[in-house]
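These numbers come from the heavy atoms of this one structure, side chains and all, not from hydrogens, waters or symmetry mates.
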Amino acid sequence: MTVENALLKDLQGRGLVAQMTGEDELEGHLSEGSRTLYCGFDPTADSLHIGSLVPLLALKRFQQAGHKPLLLVGGATGLIGDPSFKAEERKLNTPDIVNNWVEKIKTQVGRFVDFDCGEHSAEVVNNLDWTQNLDVLTFLRDVGKHFAVNQMIHKESVKQRIEREGEGISFTEFTYMILQSYDYQVLNKSHNCSLQIGGSDQWGNITGGIELTRRMNRQHVFGLTLPLITKADGTKFGKTEAGTVWLDPERTSPYAFYQFWINSADADVYNFLRYFTFLSVEEIEGVQRQDAEAQGRPQAQGILAKEVTRLVHGEEGLQAAERITQALFSGDTSALSEGDYQQLSLDGLPSSNLDVVNLADIPLTTLLSEAGLAPSGKQVKDALQRKAVIVNGDAYGMEDNMRAGEVFSSSQARFDRYFLVKLGKKKHHLFVL
RNA sequence: GGUGAGGUUCCCGAGUGGCCAAAGGGAUCAGACUGUAAAUCUGACGCGCGAGCUUCGGUGGUUCGAAUCCACCCCUCACCA
């Protein structure tokens, strides 16, 4: 039986399918009607980062195709820690911290799917609900009995922890797989859930769940994994000099988020369009063709930044990000009006108040590193020596280091109170008198 | 509990009494070239404008001088019980 399924075809066309169980069967299963699927998100911080974006958007793709997504927040599994492909054992977080994170992630995750669209409305579930009152003996007898340690040991995901010299794995983390498998079995029973998706690192855990569901519920269920996002230059995806790119606007501003995407390399950007946007594969190919024909700067990065920022931060967040970007990168900042300056800090351009009184005593290195333009004064020094510090359009050097009072004298300020400081090509900060 | 191997700056990883703020690589930052791209080249890369200050699991000790030697302790891993 081979049934063409438009959703699966699209996912495959985007390169979004890493592995799946029984392709033909799954195609048939999805084509026959509305199905319920789930994906888990463990709370390892108070926000998800862009690594979770691929599965979140995948759930949305399924929902758009008429299926019902369940977003599982790992209130229980987050207490244990997933060992899959992790090089080392992680330290446990306290229950109230995890609980706090669960609440935040619940609301975050909810923005990506529709909760009010009839029978395929999304639901958020928490695996703590069905595990916290599970007693050990029941768990060991009813669930644990279905797992063969010999098999678990040979899972690729824990291999390096078992085999690698100098590493080990605690029973706690080793048991993670059983917990996640149990989730699938429970959701199959309670919600008739028949598909689990996740990152490709979850393959081992997902197949574990499929087997458990077969044994305990006598149900044939499916699994599908999404690829790990990689960059052409081999560096880790999702990091900038400021660290992880988070989905929470408090942690990564819409402006910084937008900038992350606009800085994508040409070698990655068309793949990212496929992974992270809802533009059709044909549209993306069209963009790529146009970029290849046009001389110079491609349009793909701009489209990517626009689409993803809108998905995550909404139209307002996108507009704020675009306003700042436009003001700072379009060349001449002297054209900005007083209102523009006010808007910039409202939009999330890093800004701070300047204390004029002590200015004479503070070296620029200290002032600018404390403002967040660089992690240490050393880097500011380096930038100064290369004339890479620009204040309101004028470059300053190391010889100006002890002359903050003159650099930031009120007569130099725009509209008597604004200083736009640029360090290097991409880092900006607004000082307000 | 026993035996063995380890714990070095963001990561990997050299260093085994002064020449060590500590090789090399990666990551990161800045400059040149560009397109807020890649590649390449240059510089920075514990902190400090600087004099200088603080590091090599922890605590004590030996020494003019310790990441390096000694003692005790903590932690990780492997094998055995």
Side-chain angles (χ1 to χ4, degrees), chain A residues 86-91 160-170 173 230-245 255-273 287-288 290-306 309 321-322 324-333 349 358-370 372-390 395-407 421-429:
Chain A
K86 298 288 188 315
E88 52 194 47
E89 184 91 10
R90 285 183 293 171
K91 74 173 210 295
Q160 61 171 322
R161 292 283 288 280
I162 306 271
E163 290 178 359
R164 191 180 158 196
E165 191 96 352
E167 286 302 334
I169 183 167
S170 66
E173 284 197 5
T230 55
K231 294 205 292 177
D233 64 6
T235 58
K236 203 170 160 110
F237 169 77
K239 299 272 186 190
T240 67
E241 88 276 3
T244 305
V245 180
Y255 162 65
F257 187 84
Y258 183 91
Q259 284 293 318
F260 168 78
W261 295 103
I262 212 156
N263 277 302
S264 303
D266 292 4
D268 295 318
V269 70
Y270 303 101
N271 283 334
F272 288 177
L273 281 170
V287 171
Q288 185 161 14
Q290 281 180 32
D291 282 346
E293 284 164 16
Q295 294 296 322
R297 188 185 198 143
Q299 52 176 332
Q301 280 86 348
I303 297 171
L304 177 69
K306 196 183 186 96
T309 307
E322 285 187 323
I324 301 179
T325 299
Q326 178 65 21
L328 299 181
F329 290 92
S330 67
D332 193 3
T333 52
L349 176 70
N358 302 317
L359 225 45
D361 303 326
I362 305 174
L364 289 178
T365 47
T366 307
L367 187 68
L368 300 187
S369 60
E370 280 179 359
L373 279 158
S376 74
K378 273 269 169 58
Q379 293 198 6
V380 178
K381 179 185 169 189
D382 186 48
L384 280 169
Q385 283 168 344
R386 289 163 176 276
K387 294 281 180 194
V389 174
I390 315 284
Y396 291 90
M398 200 49 198
E399 66 277 9
D400 301 304
N401 191 36
M402 298 309 292
R403 294 165 51 206
E406 293 159 57
V407 175
V421 183
K422 184 163 88 136
L423 191 154
K425 256 185 294 199
K426 298 178 191 174
K427 284 183 273 197
H428 297 82
H429 189 93

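- Using N1 to N3 plus N6-O4 or O6-N4 for Watson-Crick, or N1-O2 and O6-N3 for G-U wobble, each under 3.5 Å, B:A39 pairs with nothing.
- Scanning all heavy atoms of the two residues, the minimum distance from A:Gln301 to A:Ser264 falls at NE2-O, 2.8 Å.
- B:U55 and B:G43: their C1' atoms are spaced 25 Å apart (whole Å).
- Each of A:Leu373, A:Leu364, A:Leu384 was compared with A:Val389 under the side-chain contact (heavy atoms from CB on, under 4.5 Å) criterion, and only A:Leu384 meets it.
- The distance between atom OH of A:Tyr270 and atom P of B:A38, rounded to the nearest whole Å, is 14 Å.
- Nucleotides B:A78 and B:C73 have their P atoms positioned 23 Å apart, rounded to a whole Å.
- Using a 4.0 Å heavy-atom cutoff across all strands shown, A:Asp268 reaches no nucleic acid atom at all.
- Residue-level contact check: A:Gln259 touches the bases, meaning some heavy atom is under 4.0 Å from a base atom.
- For the pair A:Ile303/A:Leu273, a side-chain contact is recorded, criterion being any heavy-atom separation below 4.5 Å from C-beta on.
- With both ends at atom P, the span from B:G24 to B:A14 equals 15 Å, rounded to whole Å.
- In this structure, A:Phe257 CZ and A:Ile262 CD1 are separated by 12.5 Å, a value rounded to the nearest 0.5 Å.
- One interatomic measurement links the two molecules: CD1 of A:Ile362 to P of B:G48, which rounds to 14 Å at whole-angstrom precision.
- Using a cut-off of 4.0 Å between Lys/Arg side-chain N and Asp/Glu carboxylate O, A:Asp382 and A:Arg386 are scored as salt-bridged.
- In this structure, the side chains of A:Val269 and A:Asp291 stay at 4.5 Å or more apart for every pair of heavy atoms.
- Looking at A:Gln299 and A:Gln290, their side chains come closer than 4.5 Å, going by heavy atoms from C-beta outward.
- Across all strands shown, B:C69 forms a Watson-Crick or G-U wobble pair, both distances under 3.5 Å, with B:G61.
- Within 4.0 Å of A:Pro298, counting heavy atoms only, lies at least one base atom of the nucleic acid.
- Remark: the separation of the C1' atoms in B:U59 and B:G13 is 27 Å, to the nearest Å.
- Searching all strands for a Watson-Crick or G-U wobble partner of B:C19 with both distances below 3.5 Å returns nothing.
- A perpendicular orientation is assigned to the rings of A:Phe329 and A:His428, their planes being inclined by more than 60° (bins at 30° and 60°).
- The separation of B:U8 from B:G15, taken at their C1' atoms, amounts to 9 Å, rounded to a whole angstrom.
- Comparing the P positions of B:C77 and B:U63 gives a spacing of 38 Å, expressed to the nearest Å.
- Applying the 6.0 Å contact sphere to NZ of A:Lys231 captures more than 12 heavy atoms from other residues, nucleotides or ligands.
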List every contact pair, protein side and nucleotides 28-31 of chain B side both N or O, where the distance is under 3.5 Å.
from: B:C29; atom 1: OP1; to: A:Glu241; atom 2: OE1; distance (Å): 3.3
from: B:C29; atom 1: O3'; to: A:Lys427; atom 2: NZ; distance (Å): 3.1
from: B:C29; atom 1: O2'; to: A:Gln379; atom 2: OE1; distance (Å): 3.2
from: B:G31; atom 1: O4'; to: A:Arg386; atom 2: NH1; distance (Å): 3.3

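- Nearer the 5' end of RNA chain B, as judged by each residue's closest nucleotide, is the contact made by A:Arg297, out of A:Asp233 and A:Arg297.
- Nucleotide B:G24: paired with B:C12 (Watson-Crick or G-U wobble, both distances less than 3.5 Å).
- Both distances falling under 3.5 Å, in either a Watson-Crick or a G-U wobble arrangement, place B:C77 opposite B:G4.
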ask   = What string of B, S and - do you get for nucleotides 49-57 of chain B, 5' to 3', when a contact is any protein heavy atom under 4.0 Å?
value = BS-------
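- Distance CG (A:Leu384) to C1' (B:A44): 13 Å, rounded to an integer number of Å.
- With P as the reference atom, B:C45 and B:C80 are 48 Å apart, rounded to whole Å.
- Atom P of nucleotide B:G35 and atom CG of A:Asn263 are separated by 15 Å, given to the nearest angstrom.
- Figure legend. B:C47 is base-paired to B:G52; pairs are counted as Watson-Crick or G-U wobble with both atom distances under 3.5 Å.
- Nearest heavy-atom pair, A:Asn401 versus A:Thr365, reported as atom, atom and distance to 0.1 Å: OD1-N, 3.1 Å.
- Between A:Thr325 and A:Gln259, the side chains place a donor N or O and an acceptor N or O closer than 3.5 Å (distance only, hydrogens not considered).
- Taking the P atoms as reference points, B:A27 lies 33 Å from B:G18, given to the whole Å.
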